[in-house]
Number of protein chains: 2
Amino acid sequence: MNLSLPSETIFHVIESTIKEYRKFAQKNISEKIKDMTIDQGMVLLFLNEHPNLTQKEIAELVFKDNASMTRMINTMVQKKHLKRSMNPEDRRRYKIEITDKGKDVLKTLPPIIHHNRNSSLKGITKNELNQLEIILGKIRTNCAKNITL
Amino acid sequence: MNLSLPSETIFHVIESTIKEYRKFAQKNISEKIKDMTIDQGMVLLFLNEHPNLTQKEIAELVFKDNASMTRMINTMVQKKHLKRSMNPEDRRRYKIEITDKGKDVLKTLPPIIHHNRNSSLKGITKNELNQLEIILGKIRTNCAKNITL
DNA sequence: CAAAAATAATTGATATATCAATTATGTAAT
DNA sequence: ATTACATAATTGATATATCAATTATTTTTG
C-alpha cells in the first residue's frame, strides 16, 4: 500500500487554508474586541439577521453540535452578550436575544470581518472563486453521499 | 455596512468541505478500528515514515499546538499505541516509538485512508485539483502574510 | 384521547484547542 | 565557566468537540 503522507494531500491544503484564515481573522478581532471568538461573533451575526433561530439551527450554521452550542451560548450569556428567554410558542426551545452589550459588538464587528474577507481574498478573481466553490462542492457531495449509506 | 452572512462566503464552503470529509473519514475508520481518531491515525502514519520526529514537529504536521500534542500523545501512550523513551542526544525531547499494537493499526489503516481519499475525490480531474491547490494557496498566503505584521 | 415517536435542549464523560506560565535542558556570548 | 537566551515539553485554566444518555415538551398514530 503506497500511501502518500497526509501532508501531501489536498485535504492538508484545505485544512491549512481554513486554519490560517481563522488565525488571521481571530487576531484582527482580538485587537479590537476583547474576549470574542470568531464563532461567537458569527452567532451574533446570524442572530442579528434571523432573530428566531433556535440553538439547533445556529449550531448547524456554524458547524457545531447541539451540546457545544448549549455551552457556547451559556458562556455568551455569562458574558452578557446574549439573553435566553422562554418561547411560549414551543416551550422546548428558547428565544435567544442579543443584549445591548451584544449590539455594541455588532457595531464593531462588521468592518473587521469585511476587512478579513477582503484581504484574504486579495488577488483572487471572481472566476477563481467560482471554480473553488464548484470543486469543493464536488468533494463535499462525494463525502456526504457516502455518509448516509 | 452591508455584510453577507458567514454562511454565504467561500470560507463557509471551505469549512463545510473539510468537516464533511473528516466526518466521512472518521466514520470509515471507526467501522474497522475502535477508539482511533483521524488525527491519531495521522500521527501514526507520520511517525512510521519519519521515526525521529519530535512532538513539536508532529504537532505542526497535524495542525495542533504543543500542548494539544502532549495530551494527545499521552492518551496514545495510555492506549498502548505509542511509547515514549528518553532521547540521550537531546534530553529535552522524547523519542516516540510505535508499539506492536500501533503497528497493527498501521496495517489496517492505509487501505481505509486510500479509500477515503479516492471516493471523496471521485470525478475530480487532476487539473481541478491543481486549480484548487493554487487558489487555496493564494488565500493561505494572503492570511499568513498579514499575520506576521 | 392515550401511547408512541419525534424534537430541543441539557448533562456527563472524555478528548482536544488555546493561551500563558513553568520546568528542564541546550546553545551562544562574553 | 557563567550569564543570557533559546528550545521542547509540560501544566493549569477555560472553552469547545463529541458521543451517549436524559429531560421536557410537542407531534403523530392508532
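Note: hydrogens, waters and symmetry copies are ignored here, and every other heavy atom, side chains too, is used. Because the structure is a prediction, the values reported are computed rather than measured. Throughout, a chain's letter reflects where its sequence line sits, starting with A, and its residues are numbered from 1.
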At under 4.0 Å between heavy atoms, what does Arg91(B) touch on the DNA or RNA strands: base, sugar-phosphate, or nothing? sugar-phosphate
Please check this pair: side chain of Gln26(A) against backbone of Met36(A), looking for a donor-acceptor N/O pair closer than 3.5 Å. yes
Taking ring-ring contact (aromatic ring centres under 6.0 Å, His included) as the definition, give me every residue that meets it alongside Tyr94(A), ordered by chain and number, with sequence neighbours left out. none
Test your reading of the model: is there a side-chain donor-acceptor pair from Ser7(A) to the backbone of Leu61(B), 3.5 Å cut-off? no
Flag yes if more than 12 heavy atoms outside Lys80(A) fall under 6.0 Å of its NZ atom; otherwise flag no. no
Donor-acceptor pair, distance only, cut-off 3.5 Å: does the side chain of Thr9(B) make one with the backbone of Pro6(B)? yes
Can you tell if the side chain of Gln55(B) reaches within under 4.5 Å of the side chain of Thr70(B), non-hydrogen atoms only? yes
Quick one: on DNA chain C, does Phe63(B) or Ala67(A) contact a more 5' nucleotide (nearest heavy atom)? Ala67(A)
Look at all strands and tell whether Glu57(B) reaches a base, only sugar-phosphate, or nothing, counting heavy atoms closer than 4.0 Å. nothing
Any carboxylate oxygen within less than 4.0 angstrom of a Lys/Arg side-chain nitrogen, looking at Arg22(B) and Glu15(A)? yes
Identify the pairs formed between an N or O of the protein and an N or O of nucleotides 3-8 of chain D at a distance under 3.5 Å, and give each distance.
unit_1, atom_1, unit_2, atom_2, d
dT7(D), O2, Arg92(B), NH1, 3.0

For Gln40(A), which contact category applies under a 4.0 Å heavy-atom criterion: base, sugar-phosphate, or nothing? sugar-phosphate
Cationic N near anionic O, under 4.0 Å, Asp104(A) to Lys107(A): yes
Mind checking whether Phe11(B) and Tyr21(A) have parallel, tilted or perpendicular rings, split at 30° and 60°? parallel
For a quick check of understanding: with a heavy-atom distance under 4.0 Å over all strands, which category does Arg22(B) fall into, base, sugar-phosphate or nothing? nothing
Could you list where the contact with chain B starts and ends along DNA chain C, reading 5' to 3', using a 4.0 Å heavy-atom cut-off? dT16(C) to dG26(C)
Between Thr54(A) and Arg92(A), is any pair of side-chain heavy atoms under 4.5 Å apart? no
What are the residues of residues 5-15 of chain B, sorted by number, that bring a heavy atom to within less than 4.0 Å of DNA chain D? none
Are the side chain of Asn87(B) and the backbone of Arg93(B) linked by a donor-acceptor contact shorter than 3.5 Å? no
First of Met69(B) and Lys19(B) reached from the 5' end of DNA chain D, by closest nucleotide: Met69(B)
Is there a donor in the side chain of Glu20(B) and an acceptor in the side chain of Ser16(B), or the other way round, less than 3.5 Å apart? no
Sequence-distant partners of Asp35(A), salt bridge (charged side-chain N to carboxylate O under 4.0 Å, His left out), two or more places apart: Lys79(A)
Quantified as the angle between the terminal helix axes (five pairs each), what is the overall bend of the helix from dC1(C)-dG30(D) to dT30(C)-dA1(D) to 10 degrees? 20°
Using a heavy-atom cut-off of under 4.0 Å over every strand shown, decide if Thr70(A) touches base, sugar-phosphate, or nothing. base
